[in-house]
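By convention in this document, chain letters (A, B, ...) are assigned in the order of the sequence lines, proteins followed by strands, and residues within each chain are numbered from 1. Predicted model, so just to flag it, every value in this text is computed and none were measured.
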Amino acid sequence: MRYSEMFLPTGREVPSDAELISHQLMIRAGLMRKLTSGVYSYLPLGYRVIRKFEQIVREEMNRAGAQEIFLPMVQPAELWQESGRWVRYGKELLRFRDRHDRECCLGPTHEEVITDLVRNEIKTYRQLPRNLYQIQTKFRDEIRPRFGVMRCREFGMKDAYSFDTDEAGAEVSYRKMFEAYQRIFTRCGLNFRPVEADSGSIGGRYSHEFMVMANSGEDAICHCSACNYAANLEKAEIARPAESETAGTTLDVEEVNTPGVRTIEEVCSFLQVAPDAVVKTLIFSVDDTPVAVLIRGDQEVNEIKVKNFLGCDSLELADDAMIRKVTGSPLGFAGAVGIQARVIADYSLLGMSDCVMGANREDYHLRHVKPGRDFPIADYADLRIIRESDPCPRCGGEVRFARGIEVGHVFKLGTKYSKAMKAVFLDQSGKEKIMVMGCYGIGIGRTVAATIEQNYDADGIVWPLPLAPYAVIITPVNVNEKMLADAAAELYHILTEKGVEVILDDRDERAGVKFKDADLIGIPYRVTVGPKRLAGGKMEIKTRRSGEVAILPVSEVTPFLIARIREGL
RNA sequence: CGGGGCGUAGCGCAGCCCGGUAGCGCGCCUGCUUUGGGAGCAGGAUGUCGAGUGUUCAAAUCACUCCGCCCCGACCA
């Protein structure tokens, strides 16, 4: 493509509303433009990158035995009512009515549609397993779209759904997708890692998130420095500590006046104790029933773990009225002694034998409290957020924290949707069985943005070759010098004929401007055609990433580039 | 939805406190010069100052309402 004919608006200024490097560069390099909050148009250069990535995804999905389909974006409410998500999904689901007043929604995901399709067409074990995928635009009415295409409302996603006859088959399907994902992100040249994750409201029992490592990432992850354990921070397990036999306190519980002392910090300084000698009592409203969660004062409760442990639908911190009802006191003085609620405790309470906790009486705390002696604990569980000082739950090694961008997620759905929507088949013995499902997503635009987060420098984007919109840009230093213009055009034609994707920067601009643009848009190889080199029958090839410059006779330029491109893909 | 901030030329911003009819840089157009890392000179175009209402002789500027956008929080395949 000739640069002079391209729709490629580049900018020198950093857009004021862009925070992330990837967002800034995607605007500045003319990859995309915002239409409205969380909704973007891709420009030619950006769309080429998107298609490059989609192609890699397609190749690997097909290789893994999945088949491409294309499902509707507009979906009827009935399907969502059937799965139960019409009620549960919340405001992220954009709902509307058509002219007949029928309720519809824009698909934020396609479990319902695919399950409906499959249950209508697949009747026997002979037709299983199947894995169907699509690359579709999804719409989720995010509360707060941000970071450009990283967290937006309308976005491209590859989603695949597997259907198996049993759990073992589903496990095989899951492994295949897991491996396909490893291949996809490896081919893109990304530094990523799969981490164990909570499966969230989509349901299912276990899942892995594929995280591109980046400090700007929205997700915190925890990984072991010794073994290959890695988990989303919210999921990261903490092993039950060995119980040490402690005699504990022999002192009786004592009530002390602590006027206005509510937070752990205040309690510690008021009573001159360390946070790990205090028990924090949090009252949660669990499906509208109060539950008290006890945890050592220096730790934080992981609400997801609590939710999973209790197996409830909703979990939130109790309001003042509920706190008053179960503790008989306002916020800040809750304790386990005499509380009118189920009590569960984090493992961090094991071994605590002389602690401070709220007295369930305004302006009073208790000291010398001994769990077990002074109040019963129904259950101990892993309910806290992991810290960097905790040992790895698998091998006991040291854990490290890092940040990442979630670009893919593989789920074992089990029978959540197939059961609700009656996706059944007949097995060999003619018995009706429920299909076992899995679902597997990859954020297309987000992966492209994540790629930029990992591949840029002070001058702009540095595309990995497999995702680069063009492999080569030819820059005649002055198009008004016929020698240069002709030599550049000739190279352009030769490369194009050889199937190399190349831009000829034939604009009547100063060399500096062209260099800056070439760097900004991140084309891997730039061929500079200048008067001095050309007089000696040579051209310069500059590698964007390394800055390395090769000066070659004109005849060797094409073979050189083709060889480099071949090894780079 | 709560807290904070911002809407002035295509982009980035000043002007607003202290009302008097809009400016800077980049970009854009024309011409000449220039041509290996975002050129120089000369000339030029471009704004319902986010919208509405009010106060005033007079509103970008003050007040109120609305809309949009951004940041923090809650939320989240």
Atom-pair distance ([atom1] on [X]; [atom2] on [N]), nearest Å:
X: A:His409; N: B:C76; atom1: NE2; atom2: C1'; answer: 12 Å
X: A:His23; N: B:C69; atom1: NE2; atom2: P; answer: 13 Å
X: A:Glu316; N: B:G2; atom1: CD; atom2: C1'; answer: 16 Å
X: A:Ile27; N: B:G12; atom1: CD1; atom2: P; answer: 10 Å
X: A:Asp517; N: B:A39; atom1: CG; atom2: C1'; answer: 15 Å
X: A:Asp519; N: B:G38; atom1: CG; atom2: P; answer: 12 Å
X: A:Asp508; N: B:U33; atom1: CG; atom2: C1'; answer: 13 Å
X: A:Arg510; N: B:G40; atom1: CZ; atom2: P; answer: 8 Å

Next item on the list: Measure from the side-chain heavy atoms of A:Ala511 and tell me the nearest of B:G38, B:C76, B:G36.
Entry: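 Out of B:G38, B:C76, B:G36, the nucleotide with an atom closest to A:Ala511's side chain is B:G36.
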Check: When you measure from the side chain of A:Lys516, which nucleotide among B:A39, B:G12, B:G37 comes out closest?
Finding: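 Within the option list, the nearest is B:G37.
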Main-chain N/O of [Y] paired with [X] side-chain donor or acceptor, under 3.5 Å:
X: A:Asn302; Y: A:Glu234; value: yes
X: A:Arg544; Y: A:Tyr525; value: no
X: A:Arg130; Y: A:Phe163; value: no

Checklist line | Residue pair A:Lys280 / A:Glu300: nearest heavy atoms and the distance that separates them | finding: NZ-OE2, 3.6 Å
Notebook entry, point to check: For A:Pro194 and A:Phe210, which heavy atoms make the closest approach, and how far apart are they?
Noted result: CB-CE2, 3.9 Å
Would you mind classifying the nucleic acid contact of [X] as base, sugar-phosphate or nothing, using non-hydrogen atoms under 4.0 angstrom?
X: A:Arg526; value: base
X: A:Lys91; value: nothing
X: A:Thr475; value: nothing
X: A:Arg533; value: base
X: A:Lys138; value: nothing
X: A:Pro531; value: base
X: A:Asp459; value: nothing

Check: Is there a donor and acceptor pair closer than 3.5 Å between the side chain of A:Lys542 and the base of B:G36?
Finding: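 It does not, because no donor-acceptor pair links the side chain of A:Lys542 to the base of B:G36 below 3.5 Å.
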For [N], which nucleotide in any strand shown is its Watson-Crick or wobble partner with both distances under 3.5 Å?
N: B:C1; result: B:G73
N: B:U30; result: B:A42
N: B:C18; result: none
N: B:U35; result: none
N: B:C6; result: B:G68
N: B:A63; result: B:U53
N: B:G23; result: B:C13

Checklist line | Residue whose closest nucleotide on RNA chain B lies nearer the 5' end, A:Glu481 versus A:Lys514 | finding: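 Its nearest nucleotide lies further toward 5', so the answer is A:Glu481.
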Note to self: With nearest nucleotide decided by heavy atoms, which residue, A:Arg153 or A:Glu142, maps closer to the 5′ end of RNA chain B?
What the structure shows: A:Arg153
Using nucleotides 25-28 of chain B, report all nitrogen or oxygen pairs with the protein that are shorter than 3.5 Å.
unit_1: B:G25; atom_1: N2; unit_2: A:Glu13; atom_2: OE2; d: 3.0
unit_1: B:C26; atom_1: O3'; unit_2: A:Arg12; atom_2: NH2; d: 3.4

Is the phosphate of [N] approached by [X] (side-chain N or O, under 4.0 Å from OP1 or OP2)?
X: A:Ser16; N: B:C70; answer: no
X: A:Thr528; N: B:G36; answer: no
X: A:Thr36; N: B:C69; answer: yes

Using the [atom1] atom in both, what is the distance from [N] to [M], to the nearest Å?
N: B:C18; M: B:C26; atom1: C1'; result: 31 Å
N: B:C11; M: B:G50; atom1: P; result: 13 Å
N: B:A45; M: B:C29; atom1: P; result: 15 Å
N: B:G37; M: B:G5; atom1: C1'; result: 37 Å
N: B:U21; M: B:A59; atom1: C1'; result: 9 Å
N: B:G38; M: B:C57; atom1: C1'; result: 50 Å
N: B:U56; M: B:A14; atom1: C1'; result: 26 Å
N: B:C66; M: B:G4; atom1: P; result: 15 Å

Using distance alone, with no hydrogens and no angle criterion, decide if [X] and [Y] have a side-chain donor and acceptor under 3.5 Å apart.
X: A:Glu265; Y: A:Thr263; answer: no
X: A:Asp116; Y: A:Tyr417; answer: no
X: A:Ser22; Y: A:Glu453; answer: yes
X: A:Tyr89; Y: A:Arg95; answer: no

Nucleotides 71-74 of chain B: which of its N/O atoms have a protein N/O under 3.5 Å away?
unit_1: B:C72; atom_1: OP2; unit_2: A:Arg144; atom_2: NH1; d: 2.9
unit_1: B:C72; atom_1: OP2; unit_2: A:Arg144; atom_2: NH2; d: 3.2

Check: Do the ring planes of A:His208 and A:Tyr174 sit parallel (below 30°), tilted (30 to 60°) or perpendicular (above 60°)?
Finding: tilted
Margin query: How long is the straight-line distance from CH2 of A:Trp463 back to CD1 of A:Ile521, given to the nearest 0.5 Å?
Written below: 10.5 Å
Next item on the list: Find the distance between OG (A:Ser4) and CD1 (A:Ile503) and round it off to the nearest 0.5 Å.
Entry: 11.5 Å
Check: With a distance cut-off below 6.0 Å to the six-membered ring centre and an angular limit of 45° from the axis, does A:Arg526 pair with A:Phe515 as a cation-pi contact?
Finding: yes
